[in-house]
There are 2 protein chains.
Amino acid sequence: MRLTAKGEYGVRAMTILALDFRTGPVPLREIAMRENISYQFLEQIVLPLRRAGLINSVRGAKGGYALARPPEQIKVGEIVRVLEGPIAPVGCVADGNEESCARSPACLTRGIWEKLRDRMEQVLDEITLADVICVPNIKDE
Amino acid sequence: MRLTAKGEYGVRAMTILALDFRTGPVPLREIAMRENISYQFLEQIVLPLRRAGLINSVRGAKGGYALARPPEQIKVGEIVRVLEGPIAPVGCVADGNEESCARSPACLTRGIWEKLRDRMEQVLDEITLADVICVPNIKDE
DNA sequence: GAAAATGCCGAGCGAATTTATCGGGATTAA
DNA sequence: TTAATCCCGATAAATTCGCTCGGCATTTTC
């Protein structure tokens with residue numbers, strides 16, 4: 001039930017971009033330094049985020065990356081979905097449910113995973129990058 | 001953010017044992033057939049469940065496995081923890097937090113993962129095997 | 001116009017993890 | 001005694017993960 005490093009690093013990188021949202025594009029090298037992440041690995045993470053329209057890039061010297069929308073309008077769930085695929089504890093209840101199993105009509109356990117999936121999505125979609133950089137202690141409930 | 005097959009199969013196997021709770025021990029071969037799971041793989045799954053005290057075994061002919069406690073007293077969360085380790089989206093907020101990172105005091109993202117972890121545990125610990133076999137349509141909220 | 005700083009991107013790769021399979025032993029009912 | 005079952009360590013195949021490499025494209029700076 002773990003995120004991969006890709007998802008974790010991605011959220012951390014996006015948090016940096018949220019912090020520096022007003023100060024122009026941030027070069028990847030700098031994010032890698034500040035978050036202690038391999039630069040080349042970070043390249044791979046940032047690519048799908050850009051393609052998904054969550055960030056914009058500026059090429060050339062003085063270039064870098066910046067959030068495509070203000071931090072209040074980017075949910076953590078969006079970032080995670082781009083980097084990890086649909087949020088779901090088992091494949092058969094994933095969003096684009098290609099692999100819906102033949103068992104599903106009679107499957108007693110399906111309900112568990114649907115419920116868990118819904119709660120996971122709920123949490124990740126109610127937290128925006130603004131929440132992450134703003135209120136460090138959002139205590140549960 | 002997926003369970004491994006081990007966790008998924010384990011919950012399914014335990015569901016079978018819950019259904020047959022009153023009819024004596026169920027042999028592994030039968031569970032494997034009914035759930036279409038590799039018998040030898042299932043052996044590996046059932047071993048830790050027994051060691052954790054969730055099920056009991058009866059050896060020899062007419063033997064098999066049975067829940068160690070009635071279905072109402074076994075939470076899905078317990079099964080998942082035995083087979084998948086602590087329920088947590090990232091290692092640094094896992095229960096036995098060996099790998100607490102040096103970043104943690106200043107870590108802006110930690111709150112996200114703690115909140116997500118708590119919700120995940122909440123869901124899985126509020127569903128018992130009795131719920132799973134009894135009310136097929138527990139609709140969320 | 002050259003050089004430096006950046007982003008863009010496909011390919012590959014070693015290690016770990018996952019998902020089994022194998023081969024045998026121990027125990028018990030029929 | 002035989003068949004059914006659990007017990008269990010070892011290993012193998014497949015997949016995923018977490019990078020690394022190498023090179024090209026674009027833009028600013030000197």
Side-chain angles (χ1 to χ4, degrees), chain A residues 1-13 16-17 20 23-68 80 83-85 89-91 99, chain B residues 1-13 16-17 20 24-68 80 82-85 89-91 99:
Chain A
M1 293 295 273
R2 300 282 167 91
L3 236 52
T4 65
K6 223 159 161 169
E8 193 192 333
Y9 292 172
V11 173
R12 272 160 60 185
I16 296 285
L17 293 185
D20 290 10
T23 69
V26 185
L28 217 52
R29 203 79 85 182
E30 185 187 326
I31 301 177
M33 303 267 272
R34 281 165 67 175
E35 287 296 318
N36 198 31
I37 297 170
S38 147
Y39 164 72
Q40 295 187 115
F41 190 32
L42 200 52
E43 269 191 322
Q44 283 190 304
I45 291 166
V46 137
L47 188 68
L49 290 173
R50 180 177 58 81
R51 286 183 174 151
L54 293 185
I55 56 180
N56 292 320
S57 63
V58 180
R59 301 177 77 167
K62 294 280 175 184
Y65 291 91
L67 297 185
V80 171
L83 296 172
E84 305 267 343
V90 298
E99 50 177 315
Chain B
M1 290 296 273
R2 299 282 168 88
L3 235 53
T4 66
K6 222 160 162 170
E8 193 191 334
Y9 292 171
V11 173
R12 274 161 60 185
I16 296 286
L17 294 184
D20 290 10
V26 185
L28 218 53
R29 205 80 98 193
E30 186 188 325
I31 301 177
M33 303 268 272
R34 282 165 67 175
E35 286 296 318
N36 198 31
I37 297 170
S38 148
Y39 164 71
Q40 295 187 306
F41 190 32
L42 200 53
E43 271 191 320
Q44 283 191 305
I45 291 166
V46 136
L47 188 67
L49 290 173
R50 180 177 57 80
R51 288 183 173 153
L54 293 185
I55 57 181
N56 293 321
S57 64
V58 180
R59 302 177 77 166
K62 294 282 174 183
Y65 292 90
L67 297 185
V80 172
V82 167
L83 296 171
E84 305 266 344
V90 297
E99 50 178 316

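All figures in this text were calculated on a predicted structure; none of them were measured in a lab. Residue numbers start from 1 in every chain, and the chains themselves are labelled A, B, ... in the order their sequence lines are given, proteins ahead of strands. Just so you know, these numbers use all the heavy atoms, side chains as well, and skip hydrogens, waters and symmetry mates.
- Residues A:Leu83 and A:Leu3 fail the side-chain proximity criterion, which asks for heavy atoms closer than 4.5 Å.
- In the helix from C:dG1-D:dC30 to C:dA30-D:dT1, the end axes, each obtained as the rotation axis mapping the C1' atoms of four pairs onto the next four within a five-pair block, lie 0° apart to the nearest 10 degrees.
- Nearest heavy-atom pair, B:Pro25 versus B:Gly64, reported as atom, atom and distance to 0.1 Å: CB-C, 3.7 Å.
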Whether each nucleotide of nucleotides 1-12 of chain C has a protein heavy atom under 4.0 Å at its base (B), only at its sugar-phosphate (S) or at neither (-) is summarised, 5' to 3', as ----BBBBB-B-
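- Side chains of A:Pro89 and B:Arg2 form no contact here, defined as non-hydrogen atoms less than 4.5 Å apart.
- Interface limits on DNA chain D: the 5'-most and 3'-most nucleotides within less than 4.0 Å of chain B heavy atoms are D:dA4 to D:dA10.
- With sequence neighbours excluded, no residue satisfies side chain to side chain contact (heavy atoms under 4.5 Å, CB included) with A:Ala66.
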Sequence neighbours left out, cut at 3.5 Å: what donor-acceptor pairs do the side chains of residues 42-61 of chain B make with other protein atoms?
none

Can you tabulate the close N/O pairs, meaning under 3.5 Å, that link protein atoms to atoms of nucleotides 13-18 of chain C?
none

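- As rounded to whole Å, 12 Å separates atom P of C:dT19 from atom CD1 of B:Ile37.
- Take B:Thr4 and apply the side chain to side chain donor-acceptor pair (under 3.5 Å) test, not counting sequence neighbours, and it matches B:Glu84.
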Run the side-chain contact (heavy atoms from CB on, under 4.5 Å) test on B:Glu30 and B:Asp20 for me, step by step, so that the C-alpha distance in whole Å, both residues' side-chain angles and the decisive distance to 0.1 Å come before the verdict. CA-CA 12 Å; B:Glu30 186 188 325; B:Asp20 290 10; 4.1 Å; yes
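- Taking B:Arg29 as the reference, nothing meets the side chain to side chain donor-acceptor pair (under 3.5 Å) condition, with sequence neighbours excluded.
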Give the table of side-chain donor-acceptor pairs shorter than 3.5 Å for residues 5-13 of chain B, with sequence neighbours excluded, one pair per line with atom names and distance.
unit_1: B:Arg12; atom_1: NE; unit_2: B:Glu35; atom_2: OE1; d: 2.7
unit_1: B:Arg12; atom_1: NH2; unit_2: B:Glu35; atom_2: O; d: 2.7
unit_1: B:Arg12; atom_1: NH2; unit_2: B:Glu35; atom_2: OE1; d: 3.3

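- Note that CG of B:Leu28 is 5.5 Å distant from OH of B:Tyr65, once rounded to the nearest 0.5 Å.
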